[in-house]
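Following: one structure in structure tokens, then a few remarks.
A, B, ... follow the sequence lines: proteins, then strands. Residue 1 opens every chain.
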There are 2 protein chains.
Amino acid sequence: MYDILLKYISEHATSPITEEGASLIRAAFVYKKLRRKQYLLQEGDVSKYLSFILKGAIRQYTVNEKGMEHIVRFGIEGWWTSDRESFEMGTPSRYNIDAWEETELLQISREKYVELFNTVPAIQEMTQELDRRGAIAAQKRIHSAISLTAEERYLNLVQTHPMFLQRFPQNMIASYLGISPETLSRIRKQSK
Amino acid sequence: MYDILLKYISEHATSPITEEGASLIRAAFVYKKLRRKQYLLQEGDVSKYLSFILKGAIRQYTVNEKGMEHIVRFGIEGWWTSDRESFEMGTPSRYNIDAWEETELLQISREKYVELFNTVPAIQEMTQELDRRGAIAAQKRIHSAISLTAEERYLNLVQTHPMFLQRFPQNMIASYLGISPETLSRIRKQSK
DNA sequence: CTGCAGGATTGATAAATGTCAATCCTTTTT
DNA sequence: AAAAAGGATTGACATTTATCAATCCTGCAG
């Protein structure tokens, strides 16, 4: 179970994980299983853990006054999830995170993460690598949101994250793109 | 001149900068001045430097086939600029960065940055802090783009970055918000 | 099988936003 | 002081996208 995580870390770090590092990692992460629709985080709560997704699919979203959901992030196996602001600052989150598919996680608390960060070089390197990729991806998504039409954003998603289309229903894809489900349906028909 | 940078770094790091660290920093950063409208980076070029803005105002944007500009980022004194993807990967950038006001920078190359990162703890800490803040800010901007109306996005900008409104013309603010200048003009009239 | 629940699609219509062209300001240049 | 340039505003109109309501699917629970 931890092998998947250890493999992931070493693939995203430059230095290898020592046997001791591996033990520390195994000791710090706790396994958790979520059923479909189960919350990992609810608005108003503090995001206590950073979770590595072993299997399954989750979404992070807000709910506005009118009850409309807006998905800011999807996650599937091999991705991490948490509300970073809440996790790092200890403040209540404005987001919900829940499982769309039955999901298995490995979770670590902030304290243990900081500890690992300072004792296991591969963890530090992986963090930097993920920050880098995250920053680049965020920039692209912002650019897409402000400069493309609904159809272009959809076609872009098909190119960049086709797996999302397999794993999440269309109404969630629409929410992620910032358009209504009806508009997405029409775009898809249009695009043959 | 370097004092502004050193002060900035120490304010965003936990460990203090040693005298030796300060010398290394001074040796690594090079001063550069841009006139109004001068490019710091042009689409197709590689972003060779990470720049700290001492004074002035810049924007990072794309130009599409129709010649329309879309601003993804503003920068003023105390902010950093570069196209991160291009800077880190050495790939040609899709963005332009140019000076809106006359601007003074301190620039560092990737090689020197990596070197500083590995020898000056405060640089490493500052980088982590900036990544954290950048990730949180990016998340908020994505959320704003997919879930708010044009008017709400504008009012949100007024709250979060009022200085942008002072420093950049309205057509650039509109571009940053992903709306047309006419729409922004009408929103502002509307909002009394 | 049958019925239902969760989505997806479709049509009609409304609302938001973009586009184009004219005009109005201001500030800078000559 | 006049002219030019860069923005901002306004009106008319076009286009995109949202909203609402009615079906339509399709998989699965009884």
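The six-membered or imidazole ring of A:Trp79 lies near that of A:Phe164, with a centre-to-centre distance under 6.0 Å. Taking the centre of each ring, A:Tyr2 and A:Phe29 stay at or above the 6.0 Å mark.
Here the CG-CD distance, from A:Leu155 to A:Glu151, works out to 5.0 Å after rounding to the nearest 0.5 Å. The structure places CD of B:Gln170 at 10.0 Å from CD1 of B:Ile187, a figure rounded to the nearest 0.5 Å.
For the pair A:Lys66 and B:Ser185, both in contact range of DNA chain D, the more 5′-proximal nearest nucleotide belongs to B:Ser185. If you find the closest nucleotide of DNA chain D to B:Arg186 and to B:Trp100, the one lying nearer the 5' end belongs to B:Trp100.
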Between the protein and nucleotides 25-30 of chain C, list every N/O to N/O distance that falls short of 3.5 Å.
none

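Enclosure of atom CZ in B:Phe74 by more than 12 non-hydrogen atoms of other residues, nucleotides or ligands within 6.0 angstrom is indicated.
Rounded to 10 degrees, the angle between the two end axes of the helix from C:dC1-D:dG30 to C:dT30-D:dA1 is 30°, with five pairs used at each end.
Near-neighbour residues of DNA chain C inside residues 140-164 of chain B, defined by a heavy atom below 4.0 Å, number-ordered: B:Thr149, B:Ala150. Within residues 170-180 of chain A, the residues having any heavy atom closer than 4.0 Å to DNA chain C are, in order of number, A:Gln170, A:Asn171.
With salt bridges taken as basic N to acidic carboxylate O contacts below 4.0 Å, none links B:Glu182 and B:Arg188.
Sorted by first then second residue, the salt bridge (Lys or Arg N to Asp or Glu O under 4.0 Å) pairs that include residues 91-104 of chain A, not counting sequence neighbours, are A:Lys33-A:Glu102, A:Arg59-A:Asp98, A:Glu85-A:Arg94, A:Glu101-A:Arg167. Judged as a salt bridge (Lys or Arg N to Asp or Glu O under 4.0 Å), the pairs with a partner in residues 3-18 of chain A (not counting sequence neighbours) are, in order, A:Lys7-A:Glu11. Residue pairs that meet the salt bridge (Lys or Arg N to Asp or Glu O under 4.0 Å) test with at least one member in residues 118-135 of chain B, sequence neighbours left out, are A:Glu88-B:Arg132, B:Arg84-B:Asp131, B:Glu129-B:Arg132, B:Glu129-B:Arg133.
Applying the side-chain contact (heavy atoms from CB on, under 4.5 Å) rule to A:Ser82 yields the partners A:Ser47, A:Leu50, A:Phe87; only residues at least two apart in sequence or on another chain are considered. Qualifying side-chain contact (heavy atoms from CB on, under 4.5 Å) partners for A:Leu165, counting only residues two or more places apart in sequence or in other chains: A:Tyr154, A:Leu157, A:Val158, A:Ile173.
With a heavy-atom cut-off of 4.0 Å to chain B, the contacted part of DNA chain D has its first and last nucleotide at D:dG7 to D:dA12.
Other residues sharing a hydrophobic cluster with B:Met68 under the 4.5 Å side-chain heavy-atom criterion for ILVMFWY residues do not exist; the residue is a singleton. Here A:Ile146 sits in one hydrophobic cluster together with B:Val72, B:Tyr95; the rule is ILVMFWY side chains under 4.5 Å apart, joined directly or through other members.
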Legend entry - Check against side chain to side chain contact (heavy atoms under 4.5 Å, CB included), A:Tyr61 and A:Ile97: CA-CA 6 Å; A:Tyr61 60 99; A:Ile97 300 177; over 6 Å; no

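In terms of heavy atoms, A:Gly75 sits closest to A:Ile53 at C-CD1, 3.7 Å.
Between A:Gln190 atom CD and C:dT10 atom C1' there is a gap of 15 Å when expressed in whole angstrom units. In this structure, A:Arg188 atom CZ and C:dT10 atom P are separated by 11 Å, rounded to whole Å.
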